[in-house]
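Residue numbers begin at 1 in each chain, while the letters A, B, ... track the order of the sequences. Excluded from the calculations below are hydrogen atoms, water molecules and symmetry mates; all remaining heavy atoms, backbone and side chain alike, are included.
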Number of protein chains: 2
Amino acid sequence: MDKYSCLKIENQLCFPLYACAKEVVRKYKPFLDRIDLTYTQYITMMVLWERNTVNVSELGECLYLDSGTLTPLLKKLETKGLVRRERSREDERVMVITLTEKGLALRDEAVDIPAQMGGCMNLDPEDAAQLYRILYKILKTPSEG
Amino acid sequence: MDKYSCLKIENQLCFPLYACAKEVVRKYKPFLDRIDLTYTQYITMMVLWERNTVNVSELGECLYLDSGTLTPLLKKLETKGLVRRERSREDERVMVITLTEKGLALRDEAVDIPAQMGGCMNLDPEDAAQLYRILYKILKTPSEG
DNA sequence: TGCGATTAAATTGCATACAATATAATTACC
DNA sequence: GGTAATTATATTGTATGCAATTTAATCGCA
């Protein structure tokens, strides 16, 4: 145990987290290609399928993304005809995102994807539950002590 | 339980993985800023601190990254004077990356970072061990059945 | 009521990521 | 030995991500 052992990749917890997230998102790609969405676009649509209408900051809170990422992404979804972007009447600063008919219809094509991905991950239910619990524990940890 | 419940964000396992990885990397930033490295540059240096010399494809296997990411990144580390990039004598296709004196010296400044990050994550040892085990289980799953 | 502070998005700049393609060197094999 | 196939990087193109800044609208409050 030398003084640098803490700097070994194999002793890191953050690294497998980083690598695993990338690999899993990469595994989604073939399935998402069929409905012409990227992973980030897909999770954005998920929020809209649940809520129908959200504004940019609410979306950012749900997805842990900021307007620098969301603004161009939402413009792309608008170009694809999946969402509408309109300023709120009550507060012109707020950009309201609404699902279109086409966006709603896409849900029926996406409904098989979670099961297909589950097959890829190959985790038994206990591990999946543990992983879920621990990840949300980390996510819930306040930013600054 | 409607037929679309599988598409809810809260029922996803991939999403907290994706979000958690991003948040943890973001928490590294203040510590990495002090030694002027990005997270990806940091894990690249970690491999070099362990091995002293690697080529691009070995690095790619360790870090789950390809040459499209690594080539520009390694050029930046070279510009900073932390590594040397030289073609192998035996096989000119191979780009050999070697730690410089300056790159080696940086290890002493990085040695506190893992402990500082551990403080941020706020996980008890059992959860950390579970998380580590499960993440590597996923990473080890072969790409195609 | 008017103006400074705050807030919500958008923009800018930099650094990844990865698929697909291109290039150059090496191997296989006839 | 010479050429097709393979291999290792590099390049190109597209899509994030995030910090910092800007812009526009709204709020707080004297």
Side-chain angles (χ1 to χ4, degrees), chain A residues 14-15 18-33 36-45 54-80 83 85-97 143, chain B residues 15 17-33 36-45 54-80 83 85-97 143:
Chain A
C14 180
F15 172 71
Y18 156 87
C20 202
K22 277 194 309 133
E23 290 305 295
V24 172
V25 167
R26 221 163 54 76
K27 282 191 185 170
Y28 260 99
K29 192 171 186 305
F31 305 115
L32 292 176
D33 279 348
D36 190 33
L37 290 181
T38 64
Y39 181 72
T40 317
Q41 291 167 4
Y42 171 63
I43 57 177
T44 301
M45 291 304 292
V54 281
N55 62 48
V56 174
S57 57
E58 287 166 346
L59 211 45
E61 279 171 45
C62 288
L63 302 179
Y64 297 83
L65 293 171
D66 71 3
S67 66
T69 302
L70 289 173
T71 295
L73 185 146
L74 291 167
K75 285 180 179 174
K76 267 167 224 154
L77 292 179
E78 186 182 37
T79 301
K80 294 186 192 198
V83 308
R85 294 169 70 247
E86 291 155 328
R87 291 283 170 179
S88 161
R89 285 290 165 71
E90 308 96 67
D91 186 340
E92 288 280 335
R93 291 171 304 180
V94 174
M95 180 65 82
V96 177
I97 315 299
S143 300
Chain B
F15 173 71
L17 187 61
Y18 156 86
C20 202
K22 278 194 307 136
E23 289 306 295
V24 172
V25 167
R26 219 165 53 77
K27 281 192 185 171
Y28 261 98
K29 191 169 188 303
F31 305 115
L32 292 176
D33 280 348
D36 191 32
L37 290 181
T38 64
Y39 182 72
T40 318
Q41 291 167 4
Y42 171 62
I43 57 178
T44 301
M45 291 303 293
V54 281
N55 62 46
V56 174
S57 57
E58 289 166 344
L59 210 44
E61 279 171 45
C62 288
L63 302 179
Y64 297 83
L65 293 171
D66 71 2
S67 66
T69 303
L70 288 173
T71 296
L73 185 146
L74 291 167
K75 285 180 179 174
K76 266 166 227 158
L77 291 179
E78 187 183 37
T79 301
K80 294 186 193 199
V83 307
R85 294 170 68 247
E86 291 155 329
R87 293 280 170 182
S88 161
R89 286 288 166 70
E90 308 96 67
D91 186 340
E92 287 280 336
R93 292 172 302 179
V94 175
M95 179 65 82
V96 177
I97 315 298
S143 300

*Whole angstrom value for the distance that separates C1' of dC18(D) from CG of L63(A)*: 15 Å

*Hey, mind stepping through N55(B) and S88(B) against side-chain contact (heavy atoms from CB on, under 4.5 Å) and telling me if it holds?*
CA-CA 9 Å; N55(B) 62 46; S88(B) 161; over 6 Å; no

_Spacing of D66(B) atom CG relative to dT12(D) atom C1', expressed in whole Å_ = 13 Å

*asked:* Side chains of F15(A) and Y42(B), heavy atoms from C-beta outward: is any pair under 4.5 Å?
replied: no

*Net bend of the helix from dT1(C)-dA30(D) to dC30(C)-dG1(D), end axes of five pairs each, nearest 10 degrees*: 10°

*In sequence, state the C-alpha distance, the side-chain angles, and the governing distance for V94(A) and R87(A), and then conclude on side-chain contact (heavy atoms from CB on, under 4.5 Å).*
CA-CA 6 Å; V94(A) 174; R87(A) 291 283 170 179; over 6 Å; no

*Heavy-atom closest pair, residues L77(B) and M45(B)*: CD1-SD, 4.1 Å

_Atom pair distance, as rounded to whole Å: CD in E61(B) and P in dT7(D)_ = 13 Å

*For dG17(D), does OP1 or OP2 lie under 4.0 Å from any side-chain N or O of T40(A)?*
yes

*Just how far, in rounded Å, is P of dT9(D) from CD of E86(B)?*
14 Å

*Between K22(A) (NZ) and dA15(D) (C1'), how many Å, whole number?*
15 Å

*asked:* Side chains of K22(A) and L65(B), heavy atoms from C-beta outward: is any pair under 4.5 Å?
replied: yes

I'd like a table of atom pairs between the protein and nucleotides 22-27 of chain D - only N or O on both sides, under 3.5 Å - with the distance next to each one.
unit_1, atom_1, unit_2, atom_2, d
dT26(D), OP1, E92(A), N, 3.1

*Roughly how many Å is it from NZ in K29(A) to C1' in dT16(D), rounded to a whole number?*
14 Å

*Using a heavy-atom cut-off of 4.0 Å to chain B, what are the terminal contacting nucleotides of DNA chain C, in 5' to 3' order?*
dA15(C) to dT26(C)

*So, for A21(A) and L17(B), which heavy atoms are closest and what is the spacing to 0.1 Å?*
CB-O, 3.7 Å

*Check whether any side-chain heavy atom of T38(B) lies under 4.5 Å from a side-chain heavy atom of L32(B), and answer yes or no.*
no

*asked:* Using whole Å, what does the distance between atom P of nucleotide dT9(D) and atom CZ of R87(B) come to?
replied: 7 Å

*ring pair (Phe, Tyr, Trp, His ring centres under 6.0 Å) partners for Y39(B), two or more places apart*: Y18(A), Y28(B)

*Work out which heavy atom in V54(A) is nearest to a heavy atom in L59(A); give both atom names and the distance.*
CG2-CD1, 3.8 Å

*Output every pair passing salt bridge (Lys or Arg N to Asp or Glu O under 4.0 Å) with a member in residues 58-78 of chain B, not counting sequence neighbours, ordered by first then second residue.*
E78(B)-R85(B)

_Of residues 67-77 of chain B, the positions that come close to DNA chain D - non-hydrogen atoms, cut-off under 4.0 Å_ = S67(B), G68(B), T71(B), K75(B)

*Go through the steps to decide whether R26(B) and E23(B) satisfy the test side-chain contact (heavy atoms from CB on, under 4.5 Å), and finish with yes or no.*
CA-CA 5 Å; R26(B) 219 165 53 77; E23(B) 289 306 295; 3.0 Å; yes

*Can you measure from OG1 (T69(B)) to CG (L63(B)) and round to the nearest 0.5 angstrom?*
10.0 Å

*Run the numbers on T71(A) and L73(A) for side-chain contact (heavy atoms from CB on, under 4.5 Å), then give the verdict.*
CA-CA 5 Å; T71(A) 295; L73(A) 185 146; over 6 Å; no

